[in-house]
Amino acid sequence: MKIGIGSDHAGFDMKNELIGILKEMGHEVKDYGTLTNERCDYPVYGEKVANAVVVGEVDCGILLCGTGIGMSLVANKVRGIRAAAVSEPYSARLSKQHNNANIICLGARVIGIETAKMICEEWLNAEFEGGRHQDRVDLIMAIQDNQ
Ligand code: RB5
């Protein structure tokens, strides 16, 4: 899978660790920054990854900030994105199976690297179940068209 990854300064170290782990898993990873641990604004990098997912430059995205919350707020502003902030593997798996999340957001100040790895594995290996869940995803996506 081709994965777009991005973070702010709070997620920078974990992003770098995850890039290595994801490559070891056999994925292609495109890093959208930030590229140093200097303080920066997470919306800049969240938007870059979300846009890359929407235009199909990458298959899916992983975003990291301190809590994962700011990045999820940003990504969900981009039309076509379903971003889930997750902190354990069960929700990560269900965010794909039921919600067809195309981005997950991790809190580097909330979880450790081993949990982050398990979350990524569960999410990347899970498949959207469709059926009644497709109907619900359609209802979610219709909201933006009704604004
Ligand atoms: C940065 O201090 C922090 O606010 C950011 O990483 C993130 O947690 C925001 O949601």
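Just so it is clear, the model here is predicted, and its values are computed rather than measured. Here, residue 1 is the first one in the sequence, and each next residue gets the next number.
- Put simply, I3 and I81 are part of two different groups of oily side chains (I, L, V, M, F, W, Y) that touch within less than 4.5 Å, one to the next.
- In terms of modelled atom types and a separation under 3.5 Å, the side chain of Q134 and the main chain of V137 share no donor-acceptor contact.
- Between the K15 side chain and the G6 main chain, no donor and acceptor come within less than 3.5 Å of each other.
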### Task
Go through the steps to decide whether L22 and C120 satisfy the test side-chain contact (heavy atoms from CB on, under 4.5 Å), and finish with yes or no.
CA-CA 8 Å; L22 292 164; C120 291; 4.2 Å; yes
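- The nearest pair of heavy atoms linking D8 to G66 is OD1-N, 4.2 Å.
- Among all heavy-atom pairs drawn from V78 and A50, the shortest one is CG2-CB, 3.6 Å.
- Side-chain contact between D13 and I113 is absent, with no heavy atoms from C-beta onward closer than 4.5 Å.
- No donor-acceptor pair closer than 3.5 Å links the side chain of D135 to the backbone N or O of D138.
- L124 is listed as a side-chain neighbour of H27, based on a closest heavy-atom distance under 4.5 Å.
- In terms of heavy atoms, S95 sits closest to A84 at CB-CB, 3.8 Å.
- Annotation for E28: atom CD does not count as buried by contact number, only 12 or fewer foreign heavy atoms lying within 6.0 Å.
- By the 4.0 Å N-to-carboxylate-O rule, E57 lies close enough to K30 to be salt-bridged with it.
- For the residue pair F12 and N37, the shortest heavy atom distance occurs at CD2-CB, 3.5 Å.
- M71 and L64 make their closest contact through CE-O, 3.6 Å (heavy atoms, listed as atom of the first residue, atom of the second, distance).
- Heavy-atom neighbours of M25 CE from other residues, nucleotides or ligands within 6.0 Å: above the threshold of 12.
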### Message
Run N102 and V54 through side-chain contact (heavy atoms from CB on, under 4.5 Å) and show every step you take.
### Response
CA-CA 9 Å; N102 46 14; V54 163; 5.8 Å; no
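- Both I19 and I21 belong to a common hydrophobic cluster when Ile, Leu, Val, Met, Phe, Trp and Tyr are linked at side-chain heavy-atom distances under 4.5 angstrom.
- Atom CH2 of residue W123 and atom SG of residue C60 lie 4.0 Å apart, to the nearest 0.5 angstrom.
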### Query
Given I104 and L63, is the side-chain contact (heavy atoms from CB on, under 4.5 Å) satisfied, shown in steps?
CA-CA 6 Å; I104 51 166; L63 290 169; over 6 Å; no
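- A continuous path of ILVMFWY side-chain contacts below 4.5 Å connects I5 to M1, so both sit in one hydrophobic cluster.
- Inter-residue side-chain proximity for V86 and C105 is flagged as unmet; no heavy-atom pair is nearer than 4.5 Å.
- In this structure the side chain of K96 never reaches within 4.5 angstrom of the side chain of E122, judged on heavy atoms.
- Looking at S91, its side chain never comes within 3.5 Å of a backbone N or O of E88 through a donor-acceptor pair.
- Using modelled atom types, no side-chain atom of N100 and backbone atom of H133 make a donor-acceptor pair closer than 3.5 Å.
- Grouping the Ile, Leu, Val, Met, Phe, Trp and Tyr side chains by contacts below 4.5 angstrom, directly or via other members, places V58 with V74.
- Residues I62 and L106 meet the side-chain proximity criterion, which asks for heavy atoms closer than 4.5 Å.
- In the hydrophobic cluster analysis, where Ile, Leu, Val, Met, Phe, Trp and Tyr join through side-chain heavy atoms closer than 4.5 angstrom, V29 is grouped apart from Y32.
- N99 places no side-chain N or O within 3.5 Å of a backbone atom of A101 that could act as its donor or acceptor partner.
- Heavy-atom neighbours of K2 NZ from other residues, nucleotides or ligands within 6.0 Å: above the threshold of 12.
- Using a 4.5 Å cut-off on side-chain heavy atoms (C-beta onward), Y45 and C40 make contact.
- Taking the charged nitrogens against the carboxylate oxygens, D145 and R79 do have a contact shorter than 4.0 Å, which makes a salt bridge.
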### Task
Could you walk me through whether H9 and E38 pass the side-chain contact (heavy atoms from CB on, under 4.5 Å) test, one step at a time?
CA-CA 6 Å; H9 54 289; E38 268 177 49; over 6 Å; no
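- Atom CD of E47 has 12 or fewer heavy atoms from other residues, nucleotides or ligands within 6.0 Å.
- Surrounding CG of D41 are at most 12 heavy atoms belonging to other residues, nucleotides or ligands under 6.0 Å away.
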